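Written below as C-alpha cells is the structure these notes are about.
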Amino acid sequence: MTISKRLCSKILIILIFCSFLINMFSTQIFAANDVKVESNGSITFNTIGKEATSGIKYRTVGFTVHRSPACTNSQCDPQSGTHGEIRIQQVGSDVPVGNGDVQTFFEVPEEMVSKALEDAGLEDISYGGTIYLSAIFHVLHYSNNVLVSESGDFVDLQHIKNAESWASPGDFRQYFDVPVPYTAKFPVTLILKKSTGQLISQSAVVNPDDPSHNWKPGQTITVPLQETLTGSDGKTYRLIKSYLQSKHYLSDMNHIVTGVIAERNFTTYLGGTNVIAVYEEDEGTPPTDPAPQCSVVINPPSRGTELSNAVLDPAASGVIRADHRDAEQFDVTQGIPTTESLYANVLANNYLHQYQFVNMTGTVTYTIQVQKTYNLTWTIPATAGVPPAAGTPAQPKERPETVTKDITVTRPYSYWQIDNLEIYKLSKSTLSNYALPGGSVQLNPAGYTEPSLSSEYSTDVDDHVRPFSCEPIIMDPETVPGTTTEPPVPDQTAAFQSEAESSVGKNTVNNDSVVFNEMTIMDQTEVSESAPAPSALPAPTQIDRNVLYGTNYWIGSTLQNRANTLSSGSIYYNLIPGNVNGGSDKSFAINGINSITVHTPVVNYSVIPDDNRPYDQRMSPDWTRTVLILDRPFTVHFTESGQHLNIPGYGSRDYMKYTLNKRIQFPFGVFEGSEYYPEGTWINIPVGTPEMTFTMPTWVNEGNYTVHTQSWAINGTPADPTGLCEVNRNGDLNNYCASNSFDVGVVGRLFDFRIWDIGDFRFEKVFRTAMGSTDHSSAMYYTGGNDENGNPTALYGHKQWFLPIRKGSHPAEQKTVPHNGYSFLFDFRTIGNLWEPGEGIRIEPTFWFVPKTGGSPAPVDLYYDISGTANKMIGVGSPKDTLSHKRTYRLADSMRNIPTGELSSAASYEYNYILSETERQRLHGPSSTSYT
C-alpha cells in the first residue's frame with residue numbers, strides 16, 4: 001500500500017509539474033494579428049494575449065521587412081539578405097476582452113515604414129504589391145507581476161524556438177513570411193519658388209480619380225509647368241529649372257531639368273513627392289541689334305584650393321558585463337553564473353563624415369561696344385580771282401566721324417563648390433557572445449540626436465556666377481580741329497578702354513550651401529567677386545554612454561559552462577540625406593570586446609555531526625569516524641552555502657539560486673520519516689532545506705562505511721556514475737557537481753539489562769507468583785528509569801527497582817540483600833550483528849570500592865577463598881576462577897520461564913542458519929529440537 005501511495009503521489013506531482021510547464025512556457029504577451037498597410041502608409045495591427053503575471057513569455061517588438069519569402073524547410077532567416085526593420089509603437093491602453101485576455105493596438109508610422117521599404121530595396125514598389133513581414137521577438141521573464149529581465153532581438157525562427165522550452169515551438173512559424181498587400185497612397189505638392197529661394201506659391205497636385213486626392217505608388221503623374229508667371233510683386237518670372245524631391249528628404253534635388261519644360265512626368269516617392277519649379281525675374285527682351293552692343297562670356301572655372309577632411313573611424317569600443325552597470329557583482333571575464341543578467345554598452349563617435357570643398361576661380365569676359373563721335377573741322381583757304389573771274393572766299397568745313405570699338409574687359413570670380421559630402425548617422429550596434437540570449441543582441445540608439453544636413457549643390461558655373469549688367473557706352477562727342485585740310489580721327493583706344501573698365505562692376509557670386517546641425521558651413525549668400533571660404537565640419541564627439549546601452553540580458557539557466565567565450569560586435573552608420581557625390585551605409589567591426597566565462601557555481605560542505613557519540617558503547621571507539629547508532633536518528637547538515645572560487649561574486653556565500661539538486665547516497669538502507677530508501681539510492685534533499693534527519697534500521701550490518709553527497713548546478717544533469725563532480729565546489733568549470741564524502745561507523749546497541757531471578761530463596765516471593773512455583777512474577781530490577789534512548793519509562797522515579805540490589809530493594813523485607821555466592825538470572829537486548837556462529841556477548845566484570853562513608857570509587861581486584869589449602873586468594877577472572885566456577889545452563893530450563901514460541905524461533909534459526917549440514921544430520925530425529 002505504501003508503494004501505491006508513493007506512485008500516486010509521484011504521478012500527481014508529475015501532472016502538476018507538467019501543467020506548470022504548459023502554463024509557464026506557452027504564454028505569450030502578444031504576437032501580431034491582422035497586420036495591414038493603411039492608406040497613409042503606416043502599418044497597424046492588434047493583438048490579443050494574456051496579461052503579464054509570472055513565468056516566461058514572448059512578445060513582438062517589431063518586424064523585418066523583406067521583398068520575398070525567407071523561409072526554407074526548417075529555418076526562417078529574413079535578415080540574411082537585403083531587409084529593413086520597423087519597431088512597433090502601442091496606441092492607447094490595453095482593452096480587456098475577458099478570460100484574462102487583453103487587446104492591444106499598435107502602429108508603425110509611415111516614415112519608419114517607408115525607410116524600411118527603402119532599406120529592403122522596395123522603394124519602387126507599386127500599389128497592391130506584396131511585402132513580407134517577419135516578427136522580431138523578445139523573451140521576458142516575470143516574477144509576481146514584475147518584469148525581471150528582457151532579452152535582445154530574436155530575428156530568425158530557430159533562435160526563438162530554442163530560446164526556451166516552449167510548449168508549442170512550432171507556433172512561431174506563423175509569424176514569419178507574413179504577406180501584406182501594400183495599399184498606401186501619397187500626396188504630391190507643386191512648389192514654385194524664386195531662384196533666390198523665396199516661395200512664390202505651393203499647391204496640392206490633386207488626383208481626380210481618387211477620393212483621397214492622393215496618388216498610388218507606381219501610378220504615372222503629370223504636372224504641367226508655366227513658362228512664365230507674374231509674382232505678387234507684379235514682376236514677370238521665367239522658368240529656369242525644375243526637379244523632384246521626396247517629402248522625406250527635403251534637401252534632395254532629383255531629376256533636374258534646366259530651362260523650360262512644359263510638364264513633368266513621374267511616379268511618386270514613398271511618403272509623397274514635391275515638384276519644385278524655380279523661376280528667375282525676367283528683365284525684359286533687349287532691343288534687336290544686328291551687332292551686339294555688349295556680350296558677356298563666363299569663362300570655365302579652374303580648381304583651386306581644396307578643403308577636405310574625413311572621419312570614417314567610429315572609434316568604437318564595447319563591453320558586455322554583469323548587471324548592474326557601475327555595480328557589477330561579477331567579473332564576467334573570470335566567471336558569471338547562468339540565470340544572472342548582463343548589460344551591453346557601446347561607445348562610438350556620434351556621427352561620421354567625409355567632405356571635400358574646392359575653390360573654383362575664373363574670369364568673366366565682357367565685350368563692350370564703345371562709341372564716340374568726332375566732329376572734324378577745317379577751312380579751305382580763299383583764292384584770289386583772275387579777272388575777270390572773281391576769287392573764292394575761305395570755306396569752313398565740318399564732318400562728323402563716329403568711331404565704334406569693341407573693348408574687352410575681364411572681371412575675376414571665386415566661389416566654393418562641393419566635391420564630396422557624406423554625413424553618417426548612428427544606426428545601431430550588434431554584440432555577440434555565447435552567453436547572450438540567442439547569441440547576440442542589438443542595441444538601438446536611445447536619447448540620440450541625429451545629425452542634420454541640408455545642402456544645395458551645382459557644378460554649373462551659371463548657378464554660381466552672375467555677371468555685372470553691362471551696356472554699350474556712348475562717349476561725349478569731341479571736336480577735332482584741322483587747318484586747311486581734314487584732320488585725322490585721333491586714336492583714343494586707351495580712353496575707350498578706360499571708359500569700358502569704369503562701366504563694368506564686379507561679378508556677383510555665391511557658394512554651394514552646406515548647413516550642418518544648424519551651423520552654416522558653406523554660406524550661399526550672394527557677394528561680390530569672391531565668396532567666403534567654408535568652415536571645417538566640427539569633429540565628431542563620443543556618444544553618451546546611455547545611447548547604445550541594453551540591460552537585463554538573461555543568461556539561460558541551462559547554458560553549459562564555458563571559459564573565455566569570445567565576443568564580437570559591429571556598429572552601423574547610415575548615410576543621411578543631403579549627401580553629395582557618393583557614400584553608402586557603413587558598418588564597422590568593434591574590436592577588443594571582453595570575453596565571458598560562464599561558470600555556474602555550486603558548493604557542498606555537507607556534514608553529519610557526531611551527535612550519537614554518547615550512545616557509542618564500544619570499548620575502543622573509533623574517533624576518526626562519525627558514529628551512527630542502529631535504531632537511532634541522525635541528521636545531515638546540507639546547506640547551499642560555502643566557499644567557492646575567490647573571484648568577484650563568488651567566494652563564501654549562499655549559492656541556493658544556482659543549485660538544481662542536492663542528494664545523498666548511503667551504502668545501507670535508511671528511513672526518512674516513514675519512507676524507506678534501500679542502500680545505494682540517491683535521496684534528494686530539497687534545495688533550501690538546510691538539514692534532513694534519517695533513522696538507522698536495526699538490520700544494518702555493523703561496520704565502517706562511506707556516505708556520499710552531491711550538489712548539482714542548475715545547468716548540470718545529475719548522473720551516476722558521476723564524472724562531473726569535484727570535492728566541496730565545482731571550481732573547475734568542466735564540473736557541474738560539488739561532492740562530499742563522510743566516513744562513518746555503524747554501531748549496534750546493548751540495553752535493557754535486567755535481573756529477573758536470584759538463587760537466594762529469600763527472593764523467591766519477589767520473583768515467583770507463589771512459593772514453590774516456577775512461574776515468574778513481573779518483578780525485575782533494571783539499570784534505571786530511562787529506556788535506551790534516554791526517555792523515561794514507567795519505572796522512572798521508582799528507585800526500589802533500580803540496580804544495584806541493596807537494602808530496600810526487597811519489597812517485603814527492607815533489610816534483606818542477596819547473600820554472596822548465589823547465582824542470578826539476567827537478560828538484556830541487543831541491536832546488531834549477533835546472529836552468526838561465534839558471535840555473542842561476553843561480560844567481563846570490573847570491581848570498584850566505594851567507602852561506606854562516601855567518596856570517589858576506586859577500581860580494585862577481587863579475591864575469594866574456597867575449601868582446600870591450595871584454594872586461597874583466588875582472583876576473580878583468573879584461570880583458576882574459571883575452572884572453579886564454570887557452569888552449564890540450558891536455555892529451555894523450566895526455571896527460566898522462556899516462552900515456547902521464543903524457544904522454537906531460536907531453535908529453528910540455529911538449526912537452519914548456524915548448524916552445518918553434518919550437524920543437522922547428527923541431530924536429525926525427534927529429539928533434534930532439544931538444545932543445551
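Remember, predicted model here, so these are calculated numbers, not experimental data.
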Within-4.5 Å side-chain heavy-atom neighbours: [X] and [Y]:
{"X": "T918", "Y": "S916", "result": "yes"}
{"X": "M696", "Y": "V746", "result": "yes"}
{"X": "F638", "Y": "S711", "result": "yes"}
{"X": "I755", "Y": "L825", "result": "no"}
{"X": "P718", "Y": "W712", "result": "yes"}
{"X": "F847", "Y": "V876", "result": "yes"}
{"X": "D757", "Y": "F824", "result": "no"}
{"X": "I608", "Y": "L628", "result": "yes"}

Distance, nearest 0.5 Å, that separates [atom1] of [X] from [atom2] of [Y]:
{"X": "R749", "Y": "E702", "atom1": "CZ", "atom2": "CD", "result": "11.5 Å"}
{"X": "H637", "Y": "I685", "atom1": "NE2", "atom2": "CD1", "result": "11.0 Å"}
{"X": "L903", "Y": "S908", "atom1": "CG", "atom2": "OG", "result": "12.5 Å"}
{"X": "F671", "Y": "Y676", "atom1": "CZ", "atom2": "OH", "result": "6.5 Å"}
{"X": "C737", "Y": "R729", "atom1": "SG", "atom2": "CZ", "result": "14.5 Å"}

Ignoring hydrogens and geometry beyond distance, is a side-chain donor-acceptor pair present between [X] and [Y] at under 3.5 Å?
{"X": "T635", "Y": "T693", "answer": "yes"}
{"X": "T338", "Y": "T600", "answer": "yes"}
{"X": "N789", "Y": "Y615", "answer": "no"}
{"X": "N604", "Y": "T709", "answer": "yes"}
{"X": "N833", "Y": "N701", "answer": "yes"}
{"X": "Q334", "Y": "Y650", "answer": "no"}
{"X": "N612", "Y": "R632", "answer": "yes"}
{"X": "N704", "Y": "D743", "answer": "no"}
{"X": "Y736", "Y": "Q560", "answer": "yes"}
{"X": "N734", "Y": "R562", "answer": "no"}
{"X": "N730", "Y": "H644", "answer": "yes"}

- Item | Check: F753 ring centroid to F826 ring centroid under 6.0 Å |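 Centroid separation for F753 and F826: below 6.0 Å.
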
- Message: With a 6.0 Å cut-off on the ring centroids, do F694 and F666 count as close?
- Response: yes

- Distance-only, no hydrogens or angles: does the Q814 side chain make a donor-acceptor pair with backbone N or O of K807 under 3.5 Å? no

- Message: If we ignore hydrogens and angles and just use 3.5 Å, is the side chain of S904 paired with the main-chain N or O of G901 as donor and acceptor?
- Response: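 Here the side-chain-to-backbone pair does not exist.
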
If every non-hydrogen atom of [X] is compared with every non-hydrogen atom of [Y], which pair is closest and at what distance?
{"X": "A435", "Y": "I555", "answer": "O-CG1, 3.8 Å"}
{"X": "R762", "Y": "H810", "answer": "O-NE2, 2.9 Å"}
{"X": "L660", "Y": "V687", "answer": "O-CG2, 3.7 Å"}
{"X": "T769", "Y": "H776", "answer": "CG2-O, 3.4 Å"}
{"X": "H599", "Y": "L645", "answer": "CE1-CD1, 3.8 Å"}

So does [X] pair up with [Y], basic N to acidic O under 4.0 Å?
{"X": "R922", "Y": "E919", "value": "no"}
{"X": "D775", "Y": "R768", "value": "no"}
{"X": "E813", "Y": "K815", "value": "no"}
{"X": "K657", "Y": "E640", "value": "no"}

Mark yes when over 12 heavy atoms from residues, nucleotides or ligands other than [X] sit less than 6.0 Å from its [atom1]; otherwise mark no.
{"X": "K872", "atom1": "NZ", "result": "yes"}
{"X": "Y909", "atom1": "OH", "result": "yes"}
{"X": "F751", "atom1": "CZ", "result": "yes"}

- Any idea how Y705 and F668 line up, ring-wise: parallel (<30°), tilted (30 to 60°), or perpendicular (>60°)? perpendicular

- Task: Could you go through the side-chain hydrogen bond (donor to acceptor under 3.5 Å, both in side chains) check for N715 and Y658 one step at a time?
- Result: CA-CA 8 Å; N715 60 341; Y658 314 120; over 6 Å; no

- Query: Is the charged tip of R613 near the ring of W623: under 6.0 Å from the six-membered ring centre and within 45° of its axis?
  - Reply: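 Yes, R613 sits over the ring of W623.
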
- Find out whether the Lys NZ or Arg CZ of R653 is both under 6.0 angstrom from the six-membered ring centre of Y655 and within 45° of the ring's axis. yes

- Message: Pair L733, T597 - check side-chain contact (heavy atoms from CB on, under 4.5 Å), show working.
- Response: CA-CA 9 Å; L733 54 73; T597 295; 3.5 Å; yes

